[in-house]
Amino acid sequence: MTTTTPALHTSALTSLPLLARGKVRDNYAVGKDRLLMVASDRLSAFDVILGEPIPGKGALLTQMALFWFDKLGDICPNHLTGEAPESVVTAAEIPQVVGRSMLVKRLKPIPVEAVVRGYLAGSGWAEYQQNQSVCGVPLPAGLKNASKLPEPVFTPAAKAEAGEHDENISYEQVVVIVGPELAAQIRQLSLKIYETAAAFALTKGIIIADTKFEFGLDENGTLTLMDEVLTPDSSRYWPVEGYEAAFAAGQNPPSYDKQFVRDWLEALRINGKPWDKTPPSPHLPPDVIEKTAAKYREAMTRLTA
Ligand SMILES: Nc1ncnc2c1ncn2[C@@H]1O[C@H](COP(=O)(O)OP(=O)(O)OP(=O)(O)O)[C@@H](O)[C@H]1O
Ligand SMILES: [Mg+2]
């Protein structure tokens with residue numbers, strides 16, 4: 001679907017003021033109270049932006065987030081305005097925007113990454129091996145890499161400055177940052193959204209192992225879901241059929257997220273040494289780019305079939 005559009009590493013709209021370039025999205029101001037979020041085809045791994053864009057990725061991420069916002073509308077208000085992104089740029093700029101953008105309410109971001117884990121992977125697995133808990137939540141003994149948790153846990157992280165890695169924090173630290181009421185509301189909503197989405201995804205043959213939400217406050221102080229939601233960039237998506245065998249072998253289950261690129265980068269040797277995960281990133285060979293693009297397409301197809 002989207003590979004016919006040329007890959008976009010960096011957008012360059014001149015009709016709107018650029019507010020920020022994130023790792024993936026370029027955010028432009030639309031008046032005082034709205035944002036145009038353009039999802040580029042950039043891919044970040046280990047918080048480093050890779051040089052090569054992944055064709056079709058930005059559009060797929062945006063379409064997937066829109067799919068989930070629609071599904072989750074009853075649970076939580078979100079940042080969508082319902083207006084077309086093409087309506088706020090010039091005709092010449094439409095090709096940069098179409099299919100890959102969201103026109104959203106500009107919220108006051110809450111500086112907490114609301115992570116929910118249903119399975120033990122990544123930094124959760126690393127932390128568990130140290131002290132049998134994740135973000136201060138004690139877990140049963142004997143869990144392995146990719147184990148399903150007895151129930152989903154809220155494992156927040158502090159949103160890092162550009163170029164820094166997010167840092168896992170305890171629930172008590174969330175209370176210090178946002179206050180007890182908002183902290184409780186964020187935890188409860190995050191768990192509910194995760195549980196609803198994970199149950200739906202499972203009917204499509206996808207395990208959502210973990211995910212990260214971002215929230216903001218609107219002009220009335222209402223807690224509102226923002227950013228991207230439940231995409232393979234913000235979540236670990238595992239096809240069910242690959243899970244059991246990988247789990248039994250103690251390996252990372254094959255995934256629709258960028259674990260594929262991460263594993264490739266981990267295995268890479270530059271003059272005999274692993275990449276130190278600081279910029280500049282190694283160049284991705286064409287087959288890794290294409291396989292990564294195919295993973296994103298497959299996840300979308302499966303989810304929405
Ligand atoms: N409705 C909204 N109002 C205000 N900010 C938002 C909204 N939705 C998303 N954002 C912010 O826009 C940015 C999206 O860009 P992107 O996902 O590329 O950033 P990131 O790499 O995850 O984080 P960073 O901005 O720290 O680099 C994030 O900083 C996110 O917090
Ligand atoms: Mg982001």
Side-chain angles (χ1 to χ4, degrees), residues 8-13 16-50 53-54 57-66 68-69 72-73 76-83 85 88 96-97 100-116 123 156-167 177-178 186 189-190 193 210-236 257-258 261-262 277 279 281 296:
L8 181 78
H9 188 276
T10 307
S11 72
L13 305 182
L16 297 170
L18 177 70
L19 282 180
R21 290 193 201 282
K23 286 184 283 293
V24 172
R25 287 167 190 78
D26 297 335
N27 285 356
Y28 295 85
V30 181
K32 282 197 163 52
D33 56 353
R34 291 177 299 166
L35 290 179
L36 181 67
M37 297 181 63
V38 182
S40 73
D41 297 322
R42 295 193 288 276
L43 185 141
S44 78
F46 307 109
D47 287 337
V48 176
I49 298 167
L50 305 184
I54 306 297
K57 173 177 180 277
L60 281 166
L61 291 185
T62 295
Q63 296 310 316
M64 213 181 278
L66 293 175
W68 283 116
F69 277 130
L72 300 166
C76 181
N78 66 54
H79 66 168
L80 296 176
T81 59
E83 298 156 295
V88 294
Q96 286 189 68
V97 166
R100 62 167 78 247
S101 308
M102 293 191 277
L103 183 51
V104 303
K105 292 181 206 165
R106 186 169 177 176
L107 303 170
K108 182 166 169 256
I110 289 170
V112 168
E113 313 248 307
V115 178
V116 180
S123 71
K159 207 167 156 36
E161 297 295 319
E164 299 293 311
H165 298 282
D166 295 337
E167 192 192 337
I177 297 168
V178 303
I186 291 169
L189 259 182
S190 300
I193 300 169
D210 53 38
T211 193
K212 177 210 72 174
F213 303 113
E214 291 190 33
F215 292 93
L217 299 173
D218 73 5
E219 70 280 11
N220 305 314
T222 302
L223 191 64
T224 306
L225 189 57
M226 64 176 210
D227 202 51
E228 59 179 340
V229 276
L230 294 155
T231 70
D233 266 19
S234 66
S235 323
R236 279 193 178 77
D257 61 41
K258 50 196 176 181
V261 179
R262 289 198 205 106
K277 296 172 187 167
S281 69
Y296 281 97

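We count ligands from 1, going down the list as the structure has it; atoms in each ligand are counted the same way.
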How far apart are the closest heavy atoms of [X] and [Y], and which atoms are they?
X    : Y    : value
D47  : D166 : OD2-N, 4.0 Å
H79  : T224 : N-CG2, 3.7 Å
P77  : T222 : CG-CG2, 4.1 Å
V112 : V178 : CG2-CG1, 4.4 Å
L230 : W68  : O-NE1, 3.1 Å
Y296 : M64  : O-CE, 4.4 Å

Among L50, D41, I54, I49, find the one that has a side chain to side chain contact (heavy atoms under 4.5 Å, CB included) with H9.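 With H9 as partner, side chain to side chain contact (heavy atoms under 4.5 Å, CB included) holds for just one option, I49.
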Examine the proximity of ligand 1 to H79 and report which part, side chain or backbone, both or neither, has a heavy atom under 4.0 Å away.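 Only the side chain of H79 comes within reach of ligand 1.
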Side chain, backbone, both or neither: T224 near ligand 1, heavy atoms under 4.0 Å: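 It is neither; nothing of T224 touches ligand 1.
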N/O separation below 3.5 Å, [X] to ligand 1:
X    : result
R21  : no
R106 : no
V24  : yes
L107 : yes

Atoms in ligand 1 flagged as close to V104, the criterion being non-hydrogen separation under 4.0 Å: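 Contacts of ligand 1 toward V104, numbered from 1: 1 (N).
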Per-atom contacts, ligand 1 versus K105 - under 4.0 Å to a heavy atom: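 Numbered from 1, ligand 1 contributes 1 (N), 2 (C), 3 (N).
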Counting heavy atoms only, name the option from E228, M102, K159 that's nearest to atom 23 (O) of ligand 1.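 That would be K159.
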D218, D233, D227, L61: member with heavy atom nearest to atom 9 (C) of ligand 1: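 Nearest option to atom 9 (C) of ligand 1, by heavy atoms: D227.
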Is M37 near ligand 1, meaning one of its heavy atoms is under 4.0 Å from it?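 Yes; M37 lies near enough to ligand 1 that a heavy-atom distance drops under 4.0 Å.
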Check this for me, if you would: do R42 and D26 make a salt bridge, where the nitrogen-to-carboxylate-oxygen distance has to be below 4.0 angstrom?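 Yes.
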